[in-house]
Amino acid sequence: MKSPKRYLVTSALPYANGPLHIGHLAGAYLSADVYVRYLRLMGKEVVWVCGSDEHGAAITLRAAKENSTPQAIIDKYDQLFRQTFTGMGVDFDIFHRTSSPLHHETTQEFFRTLFRKGEFVEQESEQYFDEEANKFLADRYIVGTCPKCANPDAYGDQCEKCGSTLSPTELLPPLRSAYSKTTPVMKKTTHWYLPLNKYEAWLKTWIETGTLDGKKLHDPTEWKAHVLGQCKSWLEGGLHPRAMTRDLDWGIDVPSEIPHSSGKKIYVWMDAPIGYVSATKQWAIDHNQDWKKYWQDKDTALIHFIGKDNIVFHCLIFPAILAAHGDFILPRNVPANQFLNLEGRKISTSKNWAVWVHEYLEDFPDKQDVLRYNMIKNMPENQDAEFTWKRFQESNNNELVNNLANFVNRVTVLTNKYFEGKVPEANKIAAMVSGRGGQEATTLEAELKTIHTYMTAIGEKVMQYDFRGGLQMMMEFSTYGNQFLQFNEPWRKIKTDVVGTAAVLNVGLQIVAALNLAVRPFLPFTSDAMRKMLKINPITRGEGEWATLLKTLSKGKVLLETGHMIGEPVHLFSRIPDEVIAAQVQKLEDSQRETLATPAPEMPKPIEYKPLNQTITYEDFAKLDIRTGTILEAERVPKTDKLLKLTIDLGFEKRTIVSGIAEHFDPKNLIQQRVLVVANLAPRKMKGIESQGMILSAENDLGKLGLVGTTDIFGNGFIVK
RNA sequence: GGCGCGGUAGCUCAGCUGGUUAGAGCGCAUGAUUCAUAAUCAUGAGGUCGGGGGUUCAAGCCCCCCCCACGCUACCA
């Protein structure tokens, strides 16, 4: 693939519902920041957009819970995001908001275009409805019992206790509406669907070959294996139409001229990626540029940085939307990162098992680059990775302090000590040995070539989205500097050979000067500090300095001229002592414990009794028809983990009941067991078998099930009341 | 259960379309050195490449079966 004229880089819009933790940072922001910083230093035309994702049910719900308003919630987190990103040196070209009027217009325009082109399918479906509040219920607004962990307050889209993804139909009763606490009913509603099944064929070709309409748009071999794998997995399974609208209060209205649009909002998942477009528009307005150049010109490379949870949306659904619209380019790559674990466990907001970035900035002032270094070093580029405070400390002390900062310090100290802080004469014939092995003689010219090689290699890694590799290469370059000093021993040479010492330190300073740029995409604050120390011009954004440096080197010219005065040595990094690390680990455990309000692990765990459900009337109870019965047959339902197919004798008839108890009972031990059966429950098909009722069982605090039976003096079919 | 990404030295990971004695960083051991925040540099020990079968002159890389971790997905009335 030929290299593009310009780049449009996006980072997943953070959802304005809570603060950022290190997992967010590792996923879509630091990776993009390194990439974009490098592109800018190479003088490439690049715009990097991001913004707050501010719509959807979770925000209204949170507002209600905190007795606040959605607007107040999004304002609060938008503000916090901006501070956090700026604090960490994550340097977007624009950080926009999906609540802005420009974004609303842009999204509606998109929707309108797709509607007019007849891309949507209007379809009626049944949704949960709250009769008292007179509202349809988003998944998030349906509360019920989690089928996985029995948390009675799980939401219809997710259980916050065990973190599993749910759908409303999976929730166990009693279901209730988050608005009125009443039981929701099913009601018909109309929505607009994107017929992904219609696009399946071209999406498949596009993903697998990078080709659309005979044109090669990207090279799939450059895509990460797990991204391709995930997409192929979806394509194999067949794509289904997906609703692009919701019945919601908080979001972007479906354009009013569209029939039946009253009360309908555009689905946040459609609204959010269009946020990349509106952010670009706003940037263009601010900078007197043409946004279309970035979204509609074939020579632009669109790159989406996201976490793996977003793969399907950015690789299939959003491209389908863009293509359905017609005027837009498709992403050239979607370098999704995997997940970052923390101290051996998954990061969890609800369990408060997280390192919050804004808190890190408070706890470790002026140590942004230490976190950046550690996060890039352990970036989950191709598989899940882990952050531990111990490794954070080790990489700081052993690599940043001992290797990088120390090398820079050695060179500046020696220059100040022996040459009054002036870059000494480069003597091209002076005898020096190479930093590699210390065996062969070398010259300034050869060393400039070596520097060029390192700088090129680091850049290549970054362009391949191998940020860990680039970072490692950068550190090897610093090691090379240490080796060069070690082999040439300027501290010894000064006693006999001032000219030779000057030559050695001149090379040392050239390495430091190059290192200053090598470090910059990863550690921008450090790069600034080094420039101050070297007394060279500060860089604001990056305007091709790296490219210039490569040119200078390949001409055999030096980066720092002889006689240039450098500043006093400064320690770029400082050691982090054990106590500080221990305190962070303690903080993590404390906050998590507070959140869970559980005693220390070594204490015997008290039984957690489930809270009582809301009071019901006798009439409610009387609706239940519970009968005595006996299990006649029991067998596993093939291809399921939990299902047993039971035949129950109810005296007056025999019933087939499918029950999710296979993990608790051996089928052959169930034969002739007496059970209680909810006999008037509406039948339901599971795995193609109609289940005609439900057998009762009790569950203890450890999740163990026990059948609730009758005593043997009873026959079958009698009423329980 | 289906699908997907992985399982390589104590730890974190590289290993391209199969090709000589399987690599790096950290940690560990020994030695050198003192300009530097006891930092640096050199040397070394450490792996039957998750397990089992197969294809091949040759397999960490290909095929089959199994085990483990993670993710998506189905089922859980």
Side-chain angles (χ1 to χ4, degrees), chain A residues 145-148 165-167 169-173 221 224-237 307-309 311-312 336 338-339 341 346 377-386 388 390-391 394-395 397-403 405-418 435 437-438 466 468-469 471-473 475-476 479 481-494 501 504-505 508 569 571-575 637-644 657-663 678 681-689 691-696:
Chain A
T145 299
C146 174
K148 287 174 186 156
T165 312
L166 303 172
S167 74
T169 50
E170 289 179 88
L171 284 182
L172 304 181
T221 61
K224 298 187 184 190
H226 74 270
V227 175
L228 286 176
Q230 183 74 242
C231 293
K232 285 180 187 167
S233 169
W234 270 68
L235 288 163
E236 289 304 315
K308 71 170 155 185
D309 48 335
I311 289 174
V312 171
Q338 306 238 23
F339 288 153
N341 293 321
K346 279 185 217 181
K377 185 178 151 97
N378 293 306
M379 195 171 268
E381 284 171 347
N382 294 303
Q383 50 199 297
D384 289 358
E386 184 177 338
T388 69
K390 183 73 190 152
R391 282 208 280 271
E394 282 173 358
S395 63
N397 294 357
N398 299 332
E399 297 168 38
L400 294 175
V401 176
N402 292 354
N403 188 338
N406 183 226
F407 167 65
V408 174
N409 188 245
R410 295 171 86 183
V411 174
T412 46
V413 165
L414 291 169
T415 304
N416 274 288
K417 206 181 230 176
Y418 302 150
D466 181 5
R468 298 170 72 127
L471 188 80
Q472 196 184 327
M473 188 70 72
M475 202 46 87
E476 275 174 34
T479 297
N482 274 317
Q483 289 168 324
F484 183 80
L485 286 188
Q486 203 64 30
F487 293 135
N488 287 291
E489 300 182 305
W491 51 90
R492 179 176 290 188
K493 197 169 266 205
I494 190 70
T501 309
V504 169
L505 284 181
H571 289 140
L572 294 173
F573 294 97
S574 53
R575 270 168 207 297
V637 178
K639 300 196 172 187
T640 65
D641 295 336
K642 299 184 182 174
L643 297 186
L644 286 185
I657 290 179
V658 179
S659 182
I661 56 174
E663 289 178 338
V678 181
L681 191 65
R684 173 157 177 146
K685 268 198 176 178
M686 275 178 283
K687 279 282 162 189
I689 305 165
S691 179
Q692 304 157 324
M694 167 175 177
I695 64 164
L696 296 185

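Below, chains carry the letters A, B, ... as their sequence lines are ordered, and counting in each starts from 1.
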**Prompt:** Taking OP1 and OP2 of B/A39, is either one under 4.0 Å from a side-chain nitrogen or oxygen of A/Asn403?
**Reply:** no
**Request:** Remember a base hit wins even if backbone is also touched, and classify A/Leu572 as base, sugar-phosphate or nothing at under 4.0 Å, heavy atoms.
**Result:** base
**Complete:** Regarding the side chain of A/Val413, the nearest nucleotide among B/U37, B/A36, B/U34 is B/A36
**Prompt:** Counting side-chain heavy atoms from C-beta on, which of B/U40, B/G71, B/C13 comes nearest to A/Gln230?
**Reply:** B/G71
**B/U20 versus B/C35 - spacing of their C1' atoms, nearest Å** = 44 Å
**Closest to the A/Leu414 side chain, choosing from B/C35, B/U37, B/C70** = B/C35
**Request:** Measure the distance from NZ on A/Lys232 to C1' on B/G4 and round it to the nearest whole Å.
**Result:** 11 Å
**Asked** Is it true that the side chains of A/Asn341 and A/Asp384 contain a donor and an acceptor less than 3.5 Å apart?
**Response** no
**Message:** Tell me the interatomic distance from A/Phe339, atom CZ, to B/A69, atom P, rounded to whole angstroms.
**Reply:** 18 Å
**Prompt:** Looking at the side chain of A/Arg575, which of B/G71, B/C41, B/A39 is the nearest nucleotide?
**Reply:** B/A39
**Request:** Side chain of A/Lys346 only, please: which of B/G71, B/U40, B/C13 is the nearest?
**Result:** B/G71
**Prompt:** Tell me: CG of A/Asn341 to P of B/G6, nearest whole Å?
**Reply:** 17 Å
**Fill in**
Note: A/Asn402 and A/Asn398 closest approach over all heavy atoms is CB-O, 3.3 Å
**Prompt:** RNA chain B: stems of at least 3 consecutive Watson-Crick or G-U pairs, cut-off 3.5 Å?
**Reply:** B:1-4 with B:70-73, B:10-13 with B:23-26, B:28-32 with B:40-44, B:50-54 with B:62-66
**Chi-based syn or anti call at B/G27, which uses purine or pyrimidine torsion atoms and a 90° bound** = anti
**Message:** Say we look at B/C62 and B/C16: how far apart would their C1' atoms be, to the nearest angstrom?
**Reply:** 15 Å
**Request:** Mark yes or no for whether A/Asn488, through its side chain, and A/Phe484, through its backbone, hold a donor-acceptor pair below 3.5 Å.
**Result:** yes
**Request:** Output the single nucleotide from B/A24, B/C35, B/C41 whose closest atom is nearest the side chain of A/Gln483.
**Result:** B/C41
**Message:** Can a donor-acceptor pair be found, under 3.5 Å and without considering hydrogens, that links the side chain of A/Thr501 to the backbone of A/Ile494?
**Reply:** yes
**Request:** Would you check if A/Gln472 and A/Arg468 make a side-chain contact, meaning some heavy-atom pair closer than 4.5 Å?
**Result:** no
**Prompt:** For the side chain of A/Asn482, counting heavy atoms from C-beta on, which of B/C13, B/G6, B/C41 is nearest?
**Reply:** B/C41
**A/Trp234 side chain, from C-beta outward: closest of B/C72, B/A14, B/A42** = B/C72
**Complete:** Per atom distances to the A/His571 side chain, the nearest of B/G25, B/A36, B/U33 is B/A36
**Nucleotide of B/U37, B/C5, B/A36 approaching A/Gln338 most closely (side-chain heavy atoms)** = B/C5
**Message:** Return the CG to CG distance between A/Leu485 and A/Asn406, rounded to the nearest 0.5 Å.
**Reply:** 9.0 Å
**Partner set under salt bridge (charged side-chain N to carboxylate O under 4.0 Å, His left out) for A/Glu399, not counting sequence neighbours** = A/Lys377
**Prompt:** B/G51 and B/C61: how far apart are their P atoms, nearest whole angstrom?
**Reply:** 11 Å
**Request:** Compare all side-chain heavy atoms of A/Thr479 with those of A/Asn403 and state whether any distance is below 4.5 angstrom.
**Result:** yes
**Integer-rounded Å distance: B/C70 P and A/His226 NE2** = 17 Å
**Asked** Contact class for A/Asp309 (heavy atom, under 4.0 Å): base, sugar-phosphate, or nothing?
**Response** nothing
